[in-house]
**Q** 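I have a structure I would like to understand better, so I am pasting it below and will then ask my questions one at a time.
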Amino acid sequence: MNQGAGARPSLANARLTIDLGALVANWRSLAALAPSSETSAVVKADAYGIGVARAVPALAAAGCRTFFVATAPEGIEVRAAAPPSIVYVLDGLPPGGAAALAEHRLRPVLGTPGEITEWAAFRAEGGDGDCAVHFDTGMNRLGLGADEAEALLADPRLLRLLSPALVMSHLACADVADDPLNALQLGRFRELVARVPLIAGSLANSAGILLGPKYHFALNRPGIMLYGGRGPADRPPLRTVVTAEARVLQVRHVDTDTPVGYGATERTRRPSVLATIGAGYADGYHRLGSSSDSRLGGKVFIRGRRAPLVGRVSMDLVVADVTDVPEVVPGDWAELFGPSIPLDEAASAAATIGYEFLTGLGRRYDRRFVGP
Ligand SMILES: *Cc1c(COP(=O)(O)O)cnc(C)c1O
């Protein structure tokens, strides 16, 4: 899949350059913001699309000891990529899965009374395995509700049997620094953590780390900022990890008022030069990034300049207006997002977020890893 220098030309029309050095640098920058906490790495969804098999060893070599995934099968991949690491499964314990998780030394993040009962029964029968407990402090998605948390904390025998290595919660609005829900969740989590003083706590995702030291418990859980998604602020300065590019397949000269693409949703407003580029929504370039007569769509970066899309994003193709970039020829590479079109900008032109662009990249890209 990788094409080194001097290798045969790639037959793919789209390529990703994944900078593992930047990934590690971003992890270090986030760790430096919380020097008294451990900094883990959230590598769910195949390390946000960049590939667990390369991302996890790079982070482990830099000193990252703890990884979070969503599902147990993802955890098995992380275990293979970094055998000595600690791996938490955020979605919890699949029914009947206790022995299988323990076999791979995966730690379920238990979030329902049913999961707790099942894991406790496994331990009571001599099963060996660590776990975490998830308290819901206001997101209403995963984790024990207030009454369920109360029931667990009132049962020291059960707590001892589980002996969780971690208690955690997740912030719903960390990317909006002054949202009152942040302080509310922090207060609730503090009370819970105070009642299990010997157990490590974890609250902050990437944006939560930026909320400041009050939000840093024993362990932080950054995801998106490791991968160069900046979220709310440019603090810390994050490096670009993923560059997505696609090849120009054709260049055509057209008159004013020429319709472009499916549905003829956009017509040229001047004599134009159009470049047809070999990536589309099947490559994660969302269709909502389409352009039309009434709506500006996404942009690509080509030969040192930005060029707006024209017409709809289709499955395998987008068309860009390169009238002002006259030297464009077939075979040129156009950046979809990367150092010149920030991930968050490309995503927001398609009414979505960098997370969704990264995790939806698809399988057609040539993947080139550089660094560390
Ligand atoms: C995905 C996730 C994270 C990482 O969040 P980012 O916003 O990507 O930093 C942390 N904790 C939990 C529970 C998550 O689901």
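For this chain, numbers begin at 1 and follow the sequence in order. Counting starts at 1 for both ligands and their atoms, in listed order. Basis for what follows: all heavy atoms, side chains included, without hydrogens, waters or symmetry-related copies. Keep in mind that this is a model prediction, so the values were computed, not measured.
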**Q** So which protein heavy atom does atom 5 (O) of ligand 1 come closest to, and at what separation?
**A**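 Of every protein heavy atom, Asn205 CB, 3.4 Å lies nearest to atom 5 (O) of ligand 1.
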
**Q** Quick check on contacts: which atoms of ligand 1 are under 4.0 angstrom from a heavy atom of Tyr48?
**A**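 In order of number, 1 (C), 4 (C), 5 (O), 6 (P), 8 (O).
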
**Q** Which part of Val42 is near ligand 1, with near meaning a heavy atom under 4.0 Å away: side chain, backbone, both or neither?
**A**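 Near ligand 1, Val42 shows its side chain, while the N, CA, C and O stay back.
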
**Q** Against heavy atoms of Met168, which atoms of ligand 1 measure under 4.0 Å?
**A**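 The atoms of ligand 1 under 4.0 Å from a heavy atom of Met168 are 13 (C).
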
**Q** Starting from atom 12 (C) of ligand 1, locate the nearest protein heavy atom and write down its residue, its atom name and how far away it is, to 0.1 Å.
**A**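 Looking only at protein heavy atoms, the one closest to atom 12 (C) of ligand 1 is His170 CE1, 3.3 Å.
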
**Q** Would you mind listing which atoms of ligand 1 come within a distance below 4.0 Å of any non-hydrogen atom of Arg141?
**A**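 This gives 15 (O) as the contact atoms.
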
**Q** Identify, by atom number and element, the atoms of ligand 1 in contact range of Ser206, meaning under 4.0 Å from any of its heavy atoms.
**A**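 Atoms satisfying the 4.0 Å criterion: 6 (P), 9 (O).
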
**Q** Using every non-hydrogen atom in the two residues, find where Ile50 and Val241 come nearest and quote the distance to one decimal.
**A**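 So the minimum-distance heavy-atom pair works out to CD1-CG1, 4.3 Å.
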
**Q** So which of Asn205, Leu210, Thr39 actually passes side-chain contact (heavy atoms from CB on, under 4.5 Å) with Pro222?
**A**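 Considering Asn205, Leu210, Thr39, a side-chain contact (heavy atoms from CB on, under 4.5 Å) with Pro222 is found only for Thr39.
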
**Q** Pick out which of Arg221, His134, His170 makes a side chain to side chain donor-acceptor pair (under 3.5 Å) with Ser202.
**A**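 The residue from Arg221, His134, His170 that satisfies side chain to side chain donor-acceptor pair (under 3.5 Å) with Ser202 turns out to be Arg221.
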
**Q** I want to check a possible cation-pi pair here: Arg15 against Tyr365, using under 6.0 Å from ring centre and within 45° of the ring axis as the test.
**A**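 Cation-pi check for Arg15 and Tyr365: fails.
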
**Q** Going by the atom numbers of ligand 1, which of them fall below 4.0 Å from some non-hydrogen atom of Pro222?
**A**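 Answer for ligand 1: 9 (O).
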
**Q** Work out whether the distance between some heavy atom of Phe68 and some atom of ligand 1 is less than 4.0 Å.
**A**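 The answer is no, since Phe68 has no heavy atom less than 4.0 Å from ligand 1.
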
**Q** Heavy atoms only, cut-off 4.0 Å: how does Leu142 contact ligand 1, side chain, backbone, both, or neither?
**A**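 Near ligand 1, Leu142 shows nothing, with every heavy atom at 4.0 Å or more.
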
**Q** For the backbone of Arg270 and the side chain of Ser272, can you confirm whether one donor and one acceptor N or O come within less than 3.5 Å of each other?
**A**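 Yes, the answer is positive, given that a donor and an acceptor are paired below the 3.5 Å cut-off.
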
**Q** Suppose we call two aromatic rings close when their centres sit under 6.0 Å apart. Are Phe357 and His286 close by that rule?
**A**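 Aromatic pair counts; centres sit under 6.0 Å.
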
**Q** Is Arg221 touching ligand 1 with its side chain, its backbone, both, or neither, if touching means heavy atoms under 4.0 Å apart?
**A**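 The part of Arg221 near ligand 1 is both the backbone and the side chain.
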
**Q** Could you give me the CA-CA distance, side-chain angles and deciding distance for Phe301 and Phe337, then say whether ring-ring contact (aromatic ring centres under 6.0 Å, His included) is met?
**A** CA-CA 8 Å; Phe301 188 80; Phe337 62 84; over 10 Å; no

**Q** Which residue and atom name correspond to the protein heavy atom nearest atom 3 (C) of ligand 1, and how close is it?
**A**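 Answer for atom 3 (C) of ligand 1: Lys44 NZ, 3.7 Å.
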
**Q** Is the Tyr227-Tyr355 ring centre distance short of 6.0 angstrom?
**A**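 Between Tyr227 and Tyr355, the centre distance exceeds or equals 6.0 Å.
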
**Q** For atom 7 (O) of ligand 1, what's the nearest protein heavy atom and its distance?
**A**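 Result: Tyr355 OH, 2.6 Å.
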
**Q** For Arg65, does the CZ atom have more than 12 heavy-atom neighbours from other residues, nucleotides or ligands under 6.0 Å away?
**A**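 At most 12 heavy atoms, drawn from other residues, nucleotides or ligands, come within 6.0 Å of this atom.
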
